Amino acid sequence: MEPGLFITFEGIDGAGKSSHIEALACAFEAQGRCVTRTREPGGTPLAEKLRALLLHDAMDALTEALLVFAARRDHLVQVIEPALARGEVVLCDRFTDATFAYQGAGRGFDRGVLLILEHLAQTGLAQDPDLMREPDATVWFDVPVEVAAQRLAAARAPDRFEAEPQAFFQRVAQGYAERAALAPQRFVRIDGAQPLAQVQQQVFAALRQRGWLEEAAP
Ligand SMILES: Nc1ncnc2c1ncn2[C@@H]1O[C@H](COP(=O)(O)OP(=O)(O)OP(=O)(O)O)[C@@H](O)[C@H]1O
Ligand SMILES: Cc1cn([C@H]2C[C@H](O)[C@@H](COP(=O)(O)O)O2)c(=O)[nH]c1=O
């Protein structure tokens, strides 16, 4: 059995993550891998309920951080860890980098507390009880805030995060840059302002380079 592969996708709202996950899933399936497509917050019945609260109900910053990690713990226990144990490829639209970017940098919530919650929520689940689960790779779509805002304005009615002002998203983008600087081997930075086809080509190229996708994939 091939080892499981955990790949996450990050970026500010409207960066273009979701547009690429399905194409990647199909490419992995075409080479015989089982793929779990999932998202955060969400991915389980309980975590989807928490997602609805997070996206639409007013709450203070600590409550928001606790709900995000509660959803993540359930998601890890119910979906991510079992799929990785079966040797699947898990493609997850957002994970803990989003918490450091949105709650940490965006809201200004204490990063030290986030580090403690991260450790609590992500440890003790895999075969090695000391392992803190982290993605094998994180594809980060780096897009200017104005470009993302234009895309979203054309796409849908804003939720509680999307309704934040551009200054919030500038901080979130900076938060992603800081996380990427702390884990340069894990992060793959893609210039998400390019045309869709070019972005897709670069995402596939990055995963080919790591030996995870075969040459035949687009
Ligand atoms: N490279 C691109 N060029 C132009 N438009 C794009 C590009 N990537 C995505 N879009 C468009 O921008 C909108 C937002 O894209 P998408 O939903 O993939 O972003 P997202 O990062 O998943 O956003 P969110 O996190 O808010 O769900 C969609 O209408 C999509 O078609
Ligand atoms: C995981 C996670 C997410 N968020 C925010 C970021 C987005 O605005 C929404 C999710 O919406 P999407 O359209 O599915 O990307 O939730 C957050 O603030 N903190 C997190 O940890």
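One-based numbering, in listed order, for ligands and for the atoms of each. Bear in mind the structure is a predicted one, so any value in this text is a computation, not a measurement. Along the sequence shown, the residues carry numbers beginning at 1.
Taking the centre of each ring, His20 and Phe141 come in below the 6.0 Å mark.
Annotation: Gly16 places an N or O atom under 3.5 Å from an N or O atom of ligand 1; distance criterion only. Considering backbone and side-chain atoms alike, Ala15 places an N or O below 3.5 Å from some N or O of ligand 1. Looking at ligand 1, you won't find any N or O of His20 less than 3.5 Å from one of its N or O atoms. For ligand 2, the polar-atom distance check finds no N/O of Glu40 at less than 3.5 Å from any of the ligand's N/O atoms. At least one N or O atom of Arg94 sits closer than 3.5 Å to an N or O atom of ligand 2.
Summary of contacts: the protein heavy atom closest to atom 2 (C) of ligand 2 is Ala98 CB, 3.6 Å. Nearest protein heavy-atom neighbour of atom 7 (C) of ligand 2: Asp13 OD2, 3.4 Å. Among all protein heavy atoms, the one lying closest to atom 27 (O) of ligand 1 is Arg156 NH2, 3.1 Å. Regarding atom 11 (C) of ligand 1, its nearest protein heavy-atom neighbour is Arg151 CD, 4.1 Å. Looking from atom 25 (O) of ligand 1 to the surrounding protein, the closest heavy atom is Lys17 NZ, 2.8 Å. Protein heavy atom in closest approach to atom 22 (O) of ligand 1: Ser18 OG, 2.4 Å. Among all non-hydrogen protein atoms, the one lying nearest atom 29 (O) of ligand 1 is Ala155 CB, 4.0 Å. Nearest to atom 19 (N) of ligand 2 among the protein's heavy atoms is Gln103 OE1, 2.8 Å.
Partner Asp136 forms a side chain to side chain contact (heavy atoms under 4.5 Å, CB included) with one of Thr8, Val89, Leu5 and no other, that one being Leu5. Under the salt bridge (charged side-chain N to carboxylate O under 4.0 Å, His left out) test applied with Glu40, the options Lys17, Arg94, Arg72 reduce to a single match, Arg72. A side chain to side chain donor-acceptor pair (under 3.5 Å) with Gln198 holds for exactly one of Gln201, Gln194, Gln202, Gln200; it is Gln194.
Between Trp140 atom CH2 and Phe187 atom CZ the span is 7.5 Å, to the nearest 0.5 Å. A distance of 11.0 Å separates CG of Leu120 from CE of Met132, quoted to the nearest 0.5 Å.
Contact atoms of ligand 1 toward Gln194: 1 (N), 2 (C), 3 (N) (distance under 4.0 Å to a heavy atom of the residue). Shown in contact with Glu162 at under 4.0 Å from a heavy atom are these atoms of ligand 1, numbered in order with element: 26 (O).
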Given Glu64 and Phe109, is the side-chain contact (heavy atoms from CB on, under 4.5 Å) satisfied, shown in steps? CA-CA 10 Å; Glu64 188 175 284; Phe109 187 75; over 6 Å; no

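Contacts of Arg94 with ligand 1, taken as heavy-atom pairs under 4.0 Å, involve the side chain alone. Of the heavy atoms in Thr99, both backbone and side-chain atoms come closer than 4.0 Å to ligand 2. Counting heavy atoms closer than 4.0 Å to ligand 2, residue Ser18 contributes nothing at all.
With hydrogens and angles ignored, the 3.5 Å screen pairs no side-chain donor or acceptor of Gln122 with any backbone N or O of Leu117. Although no hydrogens or angles enter the test, the distance criterion places no donor-acceptor pair under 3.5 Å between the side chain of Glu164 and the main chain of Phe169.
Residue Arg39 places every heavy atom at 4.0 Å or more from ligand 2. Distances shorter than 4.0 angstrom occur between a heavy atom of Arg51 and an atom of ligand 2. For Gln198, the heavy-atom gap to ligand 1 stays at 4.0 angstrom or more. Contact between Glu64 and ligand 2 is absent, with no heavy atom of the residue lying under 4.0 Å from the ligand.
Side chains of Thr99 and Glu118: no donor on one and acceptor on the other come within 3.5 Å. Arg179 and Thr138 share no donor-acceptor pair across their side chains, judged by distance under 3.5 Å alone.
Salt-bridge formation is detected for the pair Arg186/Asp97: a Lys NZ or Arg NE/NH1/NH2 atom is positioned less than 4.0 Å from an Asp or Glu carboxylate oxygen.
Within a 4.0 Å radius of atom 6 (C) of ligand 1, the protein contributes one or more non-hydrogen atoms.
Here the shortest heavy-atom distance to atom 9 (C) of ligand 1, taken over Gly192, Ser19, Ala148, Gly14, belongs to Ser19.
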